[in-house]
Amino acid sequence: MSTLVLVETDADGVAETSGEALTFARGLGDPVRALVIGELSEAVTSQLSDYGVEAVHHANGPAFETYAAAAWAAAVVAAARETDAGVVLASGTPRGMEAMAHSAVRLGASMAANTVEAVSRHPMVVNRQVLGGSVLEQMQVDGDIAVLTVAGHACEAVPADAPTTPAISTLEVEVPESDLIAKVVRTEPGEPDESGGLKAARVVVGGGRGTGGPDGFGDLTELAELLGGVVGVTRVVTSLGWRPHAEQVGQTGSRISPELYIPCGISGAIQHWAGCSSAKTILAINTEADAPMVTKAHYAVIGDLHEVLPAINEELRRRRG
Amino acid sequence: MTDVLVCLKRVPDAAGEITLSGDSMSIDARHVGYTVSAHEEAAVELAVQIADETGGSATAVSLGSGDAVEQLRNALAVGCSAAVLLEADAEAYGPADVAEALAAVVRDHAANGTTYDLLLLGNDAADSGDFQVPIRLAYALDRPVVTGISTVEIEGDHVTARGRGTEGPEIYEVPLPAVVAVMEGGVSPRYPSIRGRMKAKKVKIDQSEPSLQPAGNGRIKLVLPPAAPSKVEILGEGPEAATAVVDLLVRLGVAR
Ligand SMILES: Cc1cc2nc3c(=O)[nH]c(=O)nc-3n(C[C@H](O)[C@H](O)[C@H](O)COP(=O)(O)OP(=O)(O)OC[C@H]3O[C@@H](n4cnc5c(N)ncnc54)[C@H](O)[C@@H]3O)c2cc1C
Ligand SMILES: Nc1ncnc2c1ncn2[C@@H]1O[C@H](COP(=O)(O)O)[C@@H](O)[C@H]1O
């Protein structure tokens, strides 16, 4: 029996969230096998070896040129059968969620989304986030195969004690036309991905729904500039299209670890907290003293960010002379 | 003429303080009230827009207790023209069960002459967050499905669906009939007018009980994560706090 992990990749190799899923998978005890769809770079293989992966199954070809969830699921199912998987999992990213849900149906399996820990393996019992993360559900995933997604940044991506030399094999996947009906036919150029700067920044000024709209970021951006930092935002802000996704902090965005994080108008939902909790110091600005972001912060100012930020910016400029 | 079915789930309003029921099996929402997720509100708005533009119809369906009529009436008040309540204990239903029950509605209505070309759902339910019902429903009906969608446009016999990918907008073109899981953000849900509310009151909601035996959702119990004790130091209120803030920034070495 093995645990199969659907690994997503980015410019740096294995996506951080997939690294977390691989770490979670190792904790289940069975040998871990990885499925990589699309290009398989040297960097990815060597990182998978660091994560202690026993074998890499590589699915490539015309069916995977543009994203189609059903085609991905066809690959997951083929790999699950080939590896005698008892657990199939991915990170809880949009792609991970979608591919796992398709795969669960095809495998006749139950699925637990946004898992944060495994309570036991036989039976498979997990704790997972429900109600926007404010409640945990302990859930038993019955059946021969359990399908899971791992909540982003719920655990740390940690390499294995000793690297492995994974066997790499090409996965033969039969992808029928019907699995390519719902595929991405077009992408539009997005904003340049500057999330690298976000992850490395010493200071991040965060903006949430409390900014009030796309025009509400002026003072925030100015403070970030004055402190040599960058802007980070919540999912609400990216979903509403106020700012680009690359700026999103949290479970389905970047994890940041700056010296100082200044969340403004951010409630501090668990999914956001997952991305900013490793900031050394947190200074929250919020109208509500009982917002979770305020109670979890080291320092806070209670007030309207549109009044507080200009005052801070002015004081900074004044001292600079 | 596109007939749209939009699926809504009555859920506790997570903005308030959460407590659990005595047996820790459900959320006690008596004091926080109920709502539907923002994704589903967006789905309703899209459904109504499509019905208007194509001269079709928008029907809302919910599987839940008799109280879910409240959420259905809200959908009627903003422009849905019919509503279906599958009266059942939603807590006892897993995502596969819900999908099966919804699929039965689609089949029944088709048998009675109404074919829903487009099924709109939320991307994930605000309480259980299973991320599965739309996809399981699509398989049950053998229809294509796309998720994470912010806007849809009907063009002849297919739907153009646009989502917000991590690297920019992603566009799907899917033949109808299809299932689309909606993420909030593409449209602003309208508010009900008084006339809308009045009209909604008069609609007769089609009520029945699903005929399937639910397999359940594997829930063992719910747990409230312990609240960490707060150590926050309040630097002040309003703009007057600026001096204290900048003093802190200097102490932390991020400002001079
Ligand atoms: C599977 C999943 C994944 C998710 N991933 C992420 C993620 O990666 N990142 C993320 O951020 N979220 C994520 N979320 C969403 C998350 O649950 C919250 O909905 C989101 O973080 C809330 O954003 P917010 O704080 O901007 O908005 P809200 O929760 O609406 O909070 C707004 C805050 O602003 C304050 N405020 C309002 N006006 C002002 C003002 N004028 N001045 C000062 N303060 C003001 C309010 O008091 C409130 O605290 C995810 C959710 C799910 C289900
Ligand atoms: N009990 C229900 N009644 C109607 N629709 C539902 C129900 N449960 C889930 N849905 C729909 O399926 C979507 C995804 O739910 P889930 O897969 O449970 O996260 C929700 O946003 C709803 O649109």
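Lettering of chains follows the sequences in order, A, B, ..., and the numbering in each one begins at 1. Computed from heavy atoms alone, side chains included, the values below leave out hydrogens, waters and symmetry copies.
- Interface summary for chain A: among Ala138(B), Gly238(B), Gly168(B), Gly94(B), the most heavy-atom pairs under 4.5 angstrom belong to Gly238(B).
- Atom CD in Glu98(A) sits 5.0 Å away from atom CD1 in Ile135(B) (nearest 0.5 Å).
- In this structure, Thr149(A) and Phe131(B) have side chains that are not in contact, with every pair of non-hydrogen atoms separated by 4.5 Å or more.
- When side chains are defined from C-beta on, Val254(B) counts as touching Arg202(A), because their heavy atoms get closer than 4.5 Å.
- Heavy atoms closer than 4.5 Å to chain B are found in the side chain of Asn114(A), but not in its backbone.
- Side-chain atoms of Tyr172(B) and Val184(A), non-hydrogen and from C-beta on, do get closer than 4.5 Å to each other.
- Listed options Met100(A), Arg128(A), Lys280(A) were ranked by heavy-atom pairs under 4.5 angstrom with chain B; first place goes to Arg128(A).
- Contact annotation: the side chain of Met111(A) never approaches that of Asp130(B) to less than 4.5 Å [non-hydrogen atoms, C-beta and beyond].
- Looking at His158(B), there are no atoms closer than 4.5 Å to chain A (heavy atoms on both sides), in backbone or side chain.
- Between Ile312(A) and Val246(B) the shortest side-chain heavy-atom distance falls below 4.5 Å.
- A distance of 11.5 Å separates CD of Glu233(B) from NE2 of His298(A), quoted to the nearest 0.5 Å.
- The choice from Val308(A), Leu136(A), Val236(A) that makes the most heavy-atom pairs within less than 4.5 Å of chain B is Leu136(A).
- Residues Ile234(B) and Val294(A) are in side-chain contact: their nearest non-hydrogen atoms beyond the backbone lie under 4.5 Å apart.
- By number of non-hydrogen pairs under 4.5 angstrom with chain B, the leading residue of Glu314(A), Glu259(A), Arg320(A), Glu315(A) is Glu315(A).
- The stretch residues 142-155 of chain B places Pro144(B), Val145(B), Val146(B), Thr147(B) near chain A, each with some heavy atom under 4.5 Å from a heavy atom of that chain.
- Considering only heavy-atom pairs separated by less than 4.5 Å from chain B, the leading option among Leu240(A), Val135(A), Thr187(A) is Val135(A).
- Shown here is Lys296(A), whose NZ atom has more than 12 heavy atoms of other residues, nucleotides or ligands within 6.0 Å.
- Residue Arg256(B) holds its CZ atom at 11.0 Å from CG of Leu227(A), rounded to the nearest 0.5 Å.
- With sequence neighbours left out, Glu188(A) forms a salt bridge (Lys or Arg N to Asp or Glu O under 4.0 Å) with Arg162(B).
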Could you walk me through whether Met139(A) and Asn217(B) satisfy the side-chain contact (heavy atoms from CB on, under 4.5 Å) test, starting with their C-alpha distance in whole Å, then the side-chain angles of each, then the deciding distance to 0.1 Å, before giving a yes or no? CA-CA 8 Å; Met139(A) 173 182 172; Asn217(B) 52 20; 5.8 Å; no
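- Note: Gly241(A) leads Gly241(A), Gly132(A), Gly253(A) in heavy-atom pairs under 4.5 Å with chain B.
- Under the 4.5 Å side-chain criterion, counting only non-hydrogen atoms from C-beta, Val245(B) is not in contact with Ile285(A).
- Taking Lys231(B), Glu173(B), Met183(B) one by one and counting their heavy-atom pairs under 4.5 Å with chain A, the maximum is reached by Glu173(B).
- Of the listed residues Gly218(B), Gly185(B), Ala242(B), Gly253(B), the one with more heavy-atom pairs under 4.5 angstrom with chain A than any other is Gly218(B).
- Only the side chain of Thr281(A) comes within contact range of chain B, with heavy atoms under 4.5 Å apart.
- When all heavy atoms of Val232(B) and Ala300(A) are compared, the closest pair comes out as CG2-CB, 3.7 Å.
- Of the atoms belonging to Thr93(A), not a single heavy atom falls under 4.5 Å from chain B.
- For a residue to count as touching a neighbouring chain, one of its non-hydrogen atoms must lie under 4.5 Å from one of that chain's; by this rule Val141(A) does not touch chain B.
- Of the listed residues (Gly186(B), Pro169(B), Ser230(B), Ala96(B)), the one with the most heavy-atom contacts under 4.5 Å to chain A is Pro169(B).
- Checking side-chain atoms of Arg164(B) against main-chain N and O of Ser239(A) turns up a donor-acceptor pair under 3.5 Å.
- Note: Leu248(B) leads Ile18(B), Val174(B), Thr160(B), Leu248(B) in heavy-atom pairs under 4.5 Å with chain A.
- The salt bridge (Lys or Arg N to Asp or Glu O under 4.0 Å) check on Glu240(B) picks up nothing, with sequence neighbours excluded.
- Atom-to-atom distance recorded for Met97(A):CE and Asn123(B):CG is 9.0 Å, nearest 0.5 angstrom.
- Among Ala68(A), Ser134(A), Ala70(A), Pro94(A), the residue making the largest number of heavy-atom pairs under 4.5 Å with chain B is Ser134(A).
- Residue His102(A) touches chain B through both its backbone and its side chain, counting heavy-atom pairs closer than 4.5 Å.
- Interface remark: Leu283(A) contributes side-chain atoms only to the contact with chain B (heavy atom separation under 4.5 Å).
- The two residues Pro239(B) and Glu307(A) have their closest heavy-atom pair at CB-O, 3.8 Å.
- Neither the backbone nor the side chain of Arg318(A) has a heavy atom closer than 4.5 Å to any heavy atom of chain B.
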Stepwise side-chain contact (heavy atoms from CB on, under 4.5 Å) check, Leu260(A) with Leu249(B): CA-CA 9 Å; Leu260(A) 174 64; Leu249(B) 296 177; 3.4 Å; yes
Identify each donor-acceptor pair in which a side-chain atom of residues 219-226 of chain B lies under 3.5 Å from a protein atom, sequence neighbours left out, and give them as a table.
| from | atom 1 | to | atom 2 | distance (Å) |
| --- | --- | --- | --- | --- |
| Arg219(B) | NE | Glu137(A) | OE2 | 2.6 |
| Arg219(B) | NH1 | Met25(B) | O | 2.7 |
| Arg219(B) | NH1 | Glu91(B) | OE1 | 2.8 |
| Arg219(B) | NH2 | Glu137(A) | OE2 | 3.1 |

Given Arg319(A) and Asp247(B), is the side-chain contact (heavy atoms from CB on, under 4.5 Å) satisfied, shown in steps? CA-CA 10 Å; Arg319(A) 292 205 198 178; Asp247(B) 288 347; 2.8 Å; yes
